[in-house]
Amino acid sequence: MEKILEMLKALGAKDEQIEDAKLELETYVDQQVVGLKKKNVELIKKLKQSDNPEVELKLEELESQMKDLLKEREKLAREKEKVERELTEKLTKEEQELNAYVLENSLMQSLAKIGVRKEVLPVVATALKAKATIKVDNGSRIPVIGDKPLTEYIEKDWAQSDEGKFFIPAAGAGGSGSVSTTTTPGAKVMKRQDWQALDPAGQAAFIKEGGKVVD
């Protein structure tokens, strides 16, 4: 249960919501076991008030019923564990989906802001996404690369690197950037050292689009 409550807190749930979830789980368990406790008390009371001399037989009957109650209790414990596990898995999946959305959104906005060419934007985003993680701070999700916020890293570090400059058109370049010195009209040509700087996905995408690598 504690793990579930921690995950709710990480997802940004308020203290009142976390307390409500805890109370709901505890109530569910209590409701399941209260019937067993009541039945146990009734059986013991009935035995004590009985005038039947065959006490031994009654005790054996009670013992059998107690075993059944214990089995039912174990069943309820397994069901409780299953509910907690399913809830944990659901929260984990939702957390992963939320992290992916926040990361993707932040990446695309930052890359568009610094002027990465549209035709290579998905490839560049895929490469940078592999380096990024999500940091949770007081319920807020902050995309980071290394020890820097993702936006700061892209705008101040990556955009000024040779790799970043390759994907950002130079001023007055008409959006073509430094990729093309064409030998065939419309063909994409990339220097080998620049192509090798791409990740495997980027390299494959360039070749698939008909690009040519030159020395």
Side-chain angles (χ1 to χ4, degrees), residues 3-14 88-215:
K3 185 175 181 181
I4 293 175
L5 298 179
E6 290 175 3
M7 293 185 69
L8 286 173
K9 185 175 182 180
L11 285 170
K14 297 180 180 179
T88 299
E89 291 173 353
K90 181 180 179 181
L91 290 174
T92 299
K93 182 179 179 181
E94 291 178 351
E95 183 178 19
Q96 291 172 344
E97 291 175 349
L98 180 57
N99 286 348
Y101 171 79
V102 171
L103 183 56
E104 182 78 18
N105 190 53
S106 182
L107 264 173
M108 298 303 285
Q109 287 184 357
S110 297
L111 292 173
K113 182 178 180 181
I114 62 176
V116 172
R117 299 194 312 277
K118 291 183 179 179
E119 65 269 21
V120 297
L121 194 57
V123 174
V124 174
T126 299
L128 289 173
K129 188 188 295 184
K131 302 178 182 179
T133 56
I134 292 290
K135 178 182 178 182
V136 179
D137 186 11
N138 292 327
S140 299
R141 282 175 159 66
I142 305 172
V144 297
I145 293 183
D147 58 352
K148 294 184 178 180
L150 182 143
T151 300
E152 178 183 340
Y153 173 84
I154 289 178
E155 295 180 6
K156 295 184 178 180
D157 295 355
W158 186 82
Q160 303 303 319
S161 68
D162 291 338
E163 179 185 1
K165 291 177 181 178
F166 178 77
F167 294 106
I168 303 172
S176 60
S178 57
V179 175
S180 308
T181 30
T182 60
T183 55
T184 304
K188 294 182 180 180
V189 180
M190 183 183 294
K191 293 181 180 180
R192 185 172 300 278
Q193 64 181 26
D194 295 326
W195 182 78
Q196 291 175 338
L198 298 175
D199 70 330
Q203 293 173 351
F206 179 77
I207 298 300
K208 185 177 181 180
E209 292 172 1
K212 182 178 180 181
V213 179
V214 297
D215 294 319

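Numbering of residues begins at 1 and proceeds along the displayed sequence. Because the structure is predicted, anything quoted here is derived from the model rather than measured.
Between Val144 and Pro149 the shortest heavy-atom distance is CG1-CA, 4.1 Å. The two atoms that bring Tyr153 and Lys148 nearest to each other are CB-CB, 4.4 Å, heavy atoms only. Residue Met108 comes nearest to Ala125 through the heavy atom pair SD-CB, 3.8 Å, listed as atom of the first residue, atom of the second, then distance. Listed here is the closest heavy atom pair of Glu95 and Arg141: CG-NH2, 3.2 Å. The two residues Lys156 and Gln160 have their closest heavy-atom pair at O-CG, 3.4 Å.
Atom CD in Glu119 sits 10.0 Å away from atom CZ in Phe167 (nearest 0.5 Å).
For the side-chain contact (heavy atoms from CB on, under 4.5 Å) criterion with Val124, the lone passing option out of Thr126, Leu128, Leu121 is Leu128. Just one of Leu107, Thr151, Ile134 meets the side-chain contact (heavy atoms from CB on, under 4.5 Å) condition when paired with Pro143; it is Ile134.
Every residue two or more places apart in sequence or in another chain that forms a side chain to side chain donor-acceptor pair (under 3.5 Å) with Lys113 is listed here: Glu155.
Between the side chain of Ser106 and the backbone N or O of Val102 there is no donor-acceptor pair closer than 3.5 Å.
Side-chain contact between Asp194 and Asp162 is absent, with no heavy atoms from C-beta onward closer than 4.5 Å. A heavy-atom distance below 4.5 Å is found between the side chains of Ile168 and Val116. At least one side-chain heavy atom of Trp158 sits less than 4.5 Å from a side-chain heavy atom of Ile114. Put simply, the side chain of Leu150 reaches to within 4.5 Å of the side chain of Ile154, judged on heavy atoms.
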